[in-house]
There are 2 protein chains.
Amino acid sequence: MEDEVDRLVAAWRRERPDLDVEPLEVLSRVSRLARHLDRARRTAFAEHALEPWEFDVLTALRRAGAPYQLSPGQLLTQTLVTSGTMTNRIDRLAGKGLVQRLPDPDDRRGVLVRLTQGGQERADAALAGLLDHERAILGELSPSQRDDLAALLRQLVAPFDNLAD
Amino acid sequence: MEDEVDRLVAAWRRERPDLDVEPLEVLSRVSRLARHLDRARRTAFAEHALEPWEFDVLTALRRAGAPYQLSPGQLLTQTLVTSGTMTNRIDRLAGKGLVQRLPDPDDRRGVLVRLTQGGQERADAALAGLLDHERAILGELSPSQRDDLAALLRQLVAPFDNLAD
DNA sequence: TCCCAGTATCTTGATGTCGAGACATTTCCA
DNA sequence: TGGAAATGTCTCGACATCAAGATACTGGGA
């Protein structure tokens, strides 16, 4: 089946026949698919009354394992936002009762952000919902195609992930 | 080589062994790769003193073919932003002399946005630079792997692209 | 012990985007 | 032909983000 990138590439071949636009076949599809996935995620989370950024923070804490707490600095590195943004996010999540701020007993400059019981439940439910949605999207592919795709993508991502960011 | 998604998946398997997190192997890699690509694009465009959003608008006009003009509404559907955002973008591009606003001769409500000579040159140069960068990223893969990857991604994207958006 | 560079977090101001609504013009239908 | 609905663009207010600087505390060397 044809997609928007096929149309995009055709337009460039018509307007710029001198250029090799083959890289777009892969990388434009990655970008466009990511945009669609963002929208799908937003929809999936709305069923649990969560914004994507809330999910990102809550699940980072959930993945940390009991007692489900991290410093703001650790959350920064996991979510790739700036410190000002994280302060704002923690404020709002604390206001909703999904996390609480605790003083770090070992460092009086520091703070620990801990998932509340309610926050953990919301995170767990939203993750399950997200995975259901994503399984539906991947229904287009056979199990072996999924494995192939994951392996190819890993090859492209790994150089970025293993570089000092 | 290992990547961040391998670590992410391992953490979930430890914390939520009851869940099947296999979809993340594909879709989290798509999202993360897209984020890395955004940063790489930003770097590539900076060599031509362009922001990503400027590139998006200028190349939409460039792809339209001579005389390189589209209505704001057509630009909306191609760039997936809202009308308020597009008005703002056109204002700034016009201020830099990269596009100009012309009254639509056929519809007095309407406006046509036309690429200037300078705008076209910037768009063409930035596209060539982007493709060079992207070719380097894809250097990890053989030609047949790229074809496979493009085909698998097309299968995932096509249902979104061919749905009323 | 004192000081100072380093670390951790929060505050502030600027920016770009979105969503809703305003306004002008066109199109469709009675 | 008259009027309502649709269309195309712009304006405005709210919001999340970022970058840079402010504030508070720690820890090692003189």
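Note on naming: letters A, B, ... go to the chains in the order of the sequence lines (proteins, then strands), and numbering restarts at 1 for each one.
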Write down the protein N/O and nucleotide N/O pairs, taken from nucleotides 26-29 of chain D, whose separation is under 3.5 Å; answer none if there are no such pairs.
from, atom 1, to, atom 2, distance (Å)
D:dT26, OP1, A:Arg108, N, 3.3

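In summary, A:Asp38 and A:Arg35 do not engage in a salt bridge, as defined by a charged side-chain N under 4.0 Å from a carboxylate O. For A:Arg146 and B:Glu25, the salt-bridge test fails: no basic side-chain N is under 4.0 Å from an acidic carboxylate O. Salt bridge annotation for A:Arg154-B:Asp6: present, with a cationic side-chain nitrogen under 4.0 angstrom from a carboxylate oxygen. Between B:Asp20 and A:Arg135 there is a salt bridge, with a side-chain nitrogen of the basic residue lying less than 4.0 Å from a carboxylate oxygen of the acidic one.
Whole-Å rounding puts the B:Leu76 CG to D:dC10 P distance at 10 Å. Separating the CG atom of A:Asp91 from the C1' atom of C:dT11 is a distance of 11 Å, rounded to the nearest angstrom. The nearest whole Å value for the distance from the CE atom in B:Met86 to the P atom in D:dC12 is 20 Å. Note: CG (B:Asp38) to P (D:dT17) measures 16 Å, nearest angstrom. If you measure from atom CZ of B:Arg39 to atom C1' of D:dC18, you get 13 Å, rounded to the nearest angstrom. Distance A:Leu70 CG to C:dA8 P: 14 Å, rounded to the nearest Å. Distance CG (B:Leu112) to C1' (D:dG8): 12 Å, rounded to an integer number of Å.
A cation-pi contact, defined as under 6.0 Å to the ring centre and within 45° of the axis, links A:Arg92 to A:Trp53.
Other residues, nucleotides and ligands place more than 12 heavy atoms under 6.0 Å from the CZ atom of A:Arg13.
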(request) For each nucleotide in nucleotides 13-19 of chain C, reading 5' to 3', give B when a protein heavy atom comes within less than 4.0 Å of its base, S when such contact involves only the sugar-phosphate, and - otherwise. (result) ---SBBB
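Using modelled atom types, one finds no donor on one side chain facing an acceptor on the other under 3.5 Å when comparing B:Ser28 with B:Ser31. Side-chain atoms of B:Gln74 and B:Gln78 include no donor-acceptor pair closer than 3.5 Å.
When distances are taken from the side chain of B:Arg101 to each of D:dC10, C:dT9, D:dT9, the shortest belongs to D:dC10.
For the side-chain hydrogen bond (donor to acceptor under 3.5 Å, both in side chains) test with B:Glu54, the passing option among B:Arg122, B:Lys96, B:Arg89 is B:Lys96; the others fail.
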